[in-house]
Peer 1: 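Please read through the structure below; I'll follow up with questions.
Excluded from the calculations below are hydrogen atoms, water molecules and symmetry mates; all remaining heavy atoms, backbone and side chain alike, are included.
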Number of protein chains: 2
Amino acid sequence: MPLALATAGLGPALNAGPAPAARLRQDGAQDGAAAGARRRFEAEEEIYAEGDRVVHFYKVVSGAVRTYRLLSDGRRQIDGFHLPGDIFGLEAGAERRTGADALVDTTLVAHRRSDRAALTGEAGALAHEVAAAMLRALERAQDHMLLLGRKSAKERVASFLLGLARRSGTEGTIALPMSRADIADHLGLTIESVSRSFTQLEREGVIALANHRRAVEVQDRAALRRLDA
Amino acid sequence: MPLALATAGLGPALNAGPAPAARLRQDGAQDGAAAGARRRFEAEEEIYAEGDRVVHFYKVVSGAVRTYRLLSDGRRQIDGFHLPGDIFGLEAGAERRTGADALVDTTLVAHRRSDRAALTGEAGALAHEVAAAMLRALERAQDHMLLLGRKSAKERVASFLLGLARRSGTEGTIALPMSRADIADHLGLTIESVSRSFTQLEREGVIALANHRRAVEVQDRAALRRLDA
DNA sequence: CGCGGTTTTGAAGCAGTTCAAGTAGCGTGG
DNA sequence: CCACGCTACTTGAACTGCTTCAAAACCGCG
């Protein structure tokens, strides 16, 4: 049995969004059995590759991670960026269907997929998180299919920025731990199109690029919302 | 608690693909408690709409269903077609994030989302199916994001046909229960582009269109596979 | 200061869209 | 039983948003 889930009391957990870092630490502190091994990865380091055997799943403590799929000729689709509090690396089969690497220096907590103790404890806090993570991943995937299938370049960038703003929780300035190439491969565009969309939004006074283009300040959230359709 | 899942023994179920109709009936027959209410829908009839309260989830007995999301201006993204054996309509929140309608005359089995008896029975056959359905939905969404983000029109159509061929289980001729518009809104294209891709594949001898364009015969599976990358 | 990487900008090209006919089933009613 | 009209699909031609190719700007670093 590769994985056990229980969604008791799932409702609230689902609406809570990514667990804040504070709660994350608390979990680790109060339940030694459920706490997995802390692992560190450097910027651009591979966490796992397509085809690897699935042993662990992970929760981001700090840093950021991308998970992606590749076509035989090298075309890449990044299906998600994972920020502190996010769980990723859950998989149904025995083999990885996606690859994952750290965008920047990153700390993760690794849990054995087969670790039922961690998943089915009396409180089952981690189990709830895992189930919520799966459902959230599906909802995000649905949103992203709509974006990829039906939105313009500018709308894609606007949606991306709003999503990132919401998830990173920071008001005002959003850090971009990923390169233009990563954003492009997430949004189904080229780096040039991403860059042009940023520039255009900046010229329109919707955003301001800061910190060597690796951060955006949202100046007109309403305009972004309008583009988000 | 809106929904309970347990994935014990999930592995094999996951690799099994959609349950064949035979097994479907067997499930219903052997476990009266788990069997939900049978419901019929006519072609083009709405099953639920975006914003509806979530009460049931469904399993397709016969026919076909599309689930989709809309942008405020009417742009539509069909996130999946559901064929006999498929489970759809699982949702985390209280409100529908997607709409669903029947493509053709369709029979479903409806289960109350809150029906824990059906989901957590000793054997828990339905619970496994539900968990497997969720994981499969996520895998399909990942495949589809790659398609939408990085594949050409012809590749999209090829992937779509191969997927449909695999899922419908029929060797040779594949029925297309959906219109060109539905296919277009699934593949992130226009109806004209879908039509042109079909025509092109036909001219190349890869497929043959039959039954008033509502069925395709695969004539060169290897060529389709190559396009699937 | 100059090198290597990333991002931006420019110009040309093109895949897919848009707009506009044309064709083919199919049910309906005379 | 056939003309009519409706809808779905296909085809053609022009257009355009994004890509591709190319070069410049920017920065961080040895």
Side-chain angles (χ1 to χ4, degrees), chain A residues 42-44 66 71 73-77 103-105 147-161 175-204 207-216 227 229, chain B residues 42-44 66 71 73-78 103-104 147-161 175-204 207-216 227 229:
Chain A
E42 293 179 11
E44 298 298 311
R66 65 173 170 247
L71 248 24
D73 63 358
R75 280 175 287 175
R76 182 178 68 157
Q77 176 64 37
L103 290 166
V104 294
D105 290 356
L147 178 150
L148 293 171
R150 288 293 175 232
K151 290 186 183 176
S152 70
K154 208 163 138 191
E155 290 171 334
R156 292 180 198 206
V157 169
S159 300
F160 172 66
L161 290 177
L176 299 177
M178 69 293 285
S179 69
R180 294 293 185 267
D182 290 327
I183 298 173
D185 283 350
H186 185 48
L187 301 183
L189 300 168
T190 58
I191 52 177
E192 293 94 332
S193 289
V194 171
S195 181
R196 277 184 250 269
S197 296
F198 273 118
T199 303
Q200 208 183 334
L201 289 172
E202 187 170 38
R203 268 206 275 269
E204 292 166 358
I207 60 170
L209 292 167
N211 189 217
H212 317 309
R213 329 259 106 178
R214 282 304 190 102
V216 253
L227 284 168
Chain B
E42 293 179 10
E44 297 298 311
R66 64 171 172 248
L71 248 24
D73 63 357
R75 280 174 286 175
R76 182 178 67 158
Q77 176 64 38
I78 294 181
L103 290 166
V104 294
L147 178 151
L148 293 171
R150 288 293 175 232
K151 290 186 183 178
S152 70
K154 208 162 136 191
E155 289 170 336
R156 291 179 199 206
V157 170
S159 300
F160 171 67
L161 291 177
L176 299 178
M178 68 294 284
S179 69
R180 294 293 185 267
D182 290 327
I183 298 172
D185 283 349
H186 184 49
L187 301 182
L189 300 169
T190 58
I191 52 176
E192 293 94 333
S193 289
V194 171
S195 181
R196 278 185 248 269
S197 295
F198 272 119
T199 303
Q200 208 183 334
L201 288 172
E202 187 170 39
R203 268 205 274 269
E204 292 165 359
I207 60 170
L209 292 166
N211 190 217
H212 316 308
R213 329 257 105 179
R214 283 304 192 102
V216 254
L227 283 168

Peer 1: How many whole angstroms separate atom CZ of B:Arg213 from atom P of C:dC26?
Peer 2: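 Distance check: B:Arg213 CZ to C:dC26 P gives 12 Å.
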
Peer 1: For B:Phe198 and D:dC9, give me the distance from atom CZ to atom P, rounded to whole Å.
Peer 2: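 Rounded to the whole Å, the gap is 10 Å.
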
Peer 1: Could you work out, with side-chain contact (heavy atoms from CB on, under 4.5 Å) as the rule, every residue matching B:Ser193, not counting sequence neighbours?
Peer 2: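 In terms of side-chain contact (heavy atoms from CB on, under 4.5 Å), with neighbours along the sequence ignored, B:Ser193 is linked to B:Leu189, B:Thr190.
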
Peer 1: Within the supplied structure, the quantity of interest is the number of heavy atoms (other residues, nucleotides, ligands) at a distance under 6.0 Å from A:Glu42 CD; does it exceed 12?
Peer 2: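 Not buried by this count: 12 neighbours or fewer within 6.0 Å.
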
Peer 1: Grab the CG-P distance between A:Asp182 and C:dG5 for me, whole Å please.
Peer 2: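 That distance rounds to 17 Å.
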
Peer 1: Find the distance between CE (B:Met178) and CZ (B:Arg66) and round it off to the nearest 0.5 Å.
Peer 2: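 Between atom CE of B:Met178 and atom CZ of B:Arg66 there are 10.0 Å.
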
Peer 1: Can you name the one residue among B:Gln77, B:Arg76, B:Arg75 that meets side chain to side chain donor-acceptor pair (under 3.5 Å) with B:Asp185?
Peer 2: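 Only one option passes, and that is B:Arg76.
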
Peer 1: Among the nucleotides C:dT9, D:dC9, C:dG25, which one has an atom lying closest to any side-chain atom of A:Thr199?
Peer 2: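 When the side chain of A:Thr199 is considered, C:dT9 is the closest of C:dT9, D:dC9, C:dG25.
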
Peer 1: Just so I know, are the side chains of A:Phe198 and A:Val216 near enough to count as touching, which here means a heavy-atom distance under 4.5 Å?
Peer 2: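 SC-SC contact between A:Phe198 and A:Val216 confirmed.
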
Peer 1: B:Glu192: what forms a salt bridge (charged side-chain N to carboxylate O under 4.0 Å, His left out) with it, not counting sequence neighbours?
Peer 2: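 Once residues adjacent in sequence are excluded, B:Glu192 has no partner under the salt bridge (charged side-chain N to carboxylate O under 4.0 Å, His left out) criterion.
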
Peer 1: Just to confirm, is there a sub-4.0 Å distance from OP1 or OP2 of C:dT7 to any side-chain nitrogen or oxygen of A:His212?
Peer 2: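 Answer no for this pair, as no side-chain N or O of A:His212 is under 4.0 Å from OP1 or OP2.
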
Peer 1: To the nearest 0.5 Å, tell me how far B:Leu209 CG sits from B:Glu202 CD.
Peer 2: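 That separation rounds to 4.0 Å.
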
Peer 1: Return the CG to CG distance between A:Leu161 and A:Leu176, rounded to the nearest 0.5 Å.
Peer 2: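 It is 7.0 Å, given to the nearest 0.5 Å.
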
Peer 1: When the distance from CG of A:Leu209 to P of D:dA25 is rounded to whole Å, what number comes out?
Peer 2: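 Interatomic distance, CG of A:Leu209 to P of D:dA25: 19 Å.
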
Peer 1: So what does B:Ile183 hit on the nucleic acid, given a heavy-atom distance under 4.0 Å: a base, only sugar-phosphate, or nothing?
Peer 2: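 Result for B:Ile183 = nothing.
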
Peer 1: With no hydrogens and no angle check, is any side-chain donor or acceptor of A:Glu155 less than 3.5 Å from a backbone partner on A:Ser152?
Peer 2: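 Yes, because the side chain of A:Glu155 sits within donor-acceptor range (under 3.5 Å) of the backbone of A:Ser152.
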
Peer 1: Got a list of protein N/O to nucleotides 21-24 of chain C N/O distances below 3.5 Å?
Peer 2:
none

Peer 1: Report yes if some heavy atom in the side chain of B:Arg156 is under 4.5 Å from a heavy atom in the side chain of B:Leu148; otherwise report no.
Peer 2: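 B:Arg156 reaches B:Leu148 side chain to side chain.
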
Peer 1: Extract from the structure each pairing of a protein N or O with an N or O of nucleotides 2-7 of chain D at less than 3.5 Å, listing the distance.
Peer 2:
none

Peer 1: Would you indicate which nucleotide in D:dG28, D:dT10, C:dT8 comes nearest to any side-chain atom of A:Ser195?
Peer 2: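 The listed nucleotide nearest to A:Ser195's side chain is C:dT8.
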
Peer 1: What integer distance in Å separates A:Arg180:CZ from C:dT8:C1'?
Peer 2: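 One finds 9 Å between C1' of C:dT8 and CZ of A:Arg180, rounded.
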
Peer 1: For B:Ile191, what residues pass the side-chain contact (heavy atoms from CB on, under 4.5 Å) criterion, not counting sequence neighbours?
Peer 2: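 By the side-chain contact (heavy atoms from CB on, under 4.5 Å) rule, B:Ile191 matches B:Arg180, B:Ala181, B:Ala184.
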
Peer 1: Starting at atom CG of B:Leu176, determine the distance to atom P of D:dA8, rounded to an integer number of angstrom.
Peer 2: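 In whole Å, D:dA8 P and B:Leu176 CG are 15 Å from each other.
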
Peer 1: Starting from P on C:dG5, measure out to CZ on A:Arg214 and report it in whole angstrom.
Peer 2: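 In whole Å, C:dG5 P lies 15 Å from A:Arg214 CZ.
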
Peer 1: Check the interface with nucleotides 18-22 of chain D: list each N/O to N/O pair with the protein under 3.5 Å, or write none.
Peer 2:
from: D:dC18; atom 1: OP1; to: A:Ala153; atom 2: N; distance (Å): 2.8
from: D:dT19; atom 1: OP2; to: A:Thr190; atom 2: N; distance (Å): 3.3
from: D:dT19; atom 1: OP2; to: A:Thr190; atom 2: OG1; distance (Å): 3.1
from: D:dT19; atom 1: OP2; to: A:Ser193; atom 2: OG; distance (Å): 2.2
from: D:dT20; atom 1: O4; to: A:Arg196; atom 2: NH2; distance (Å): 2.8
from: D:dC21; atom 1: N4; to: A:Glu192; atom 2: OE2; distance (Å): 2.9

Peer 1: Do A:Arg214 and A:Pro177 come close enough that some side-chain heavy atom pair is under 4.5 Å?
Peer 2: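 Of all side-chain heavy-atom pairs linking A:Pro177 with A:Arg214, none is under 4.5 Å.
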
Peer 1: Measure the distance from CD on A:Glu202 to C1' on C:dT7 and round it to the nearest whole Å.
Peer 2: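 Result: 12 Å.
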
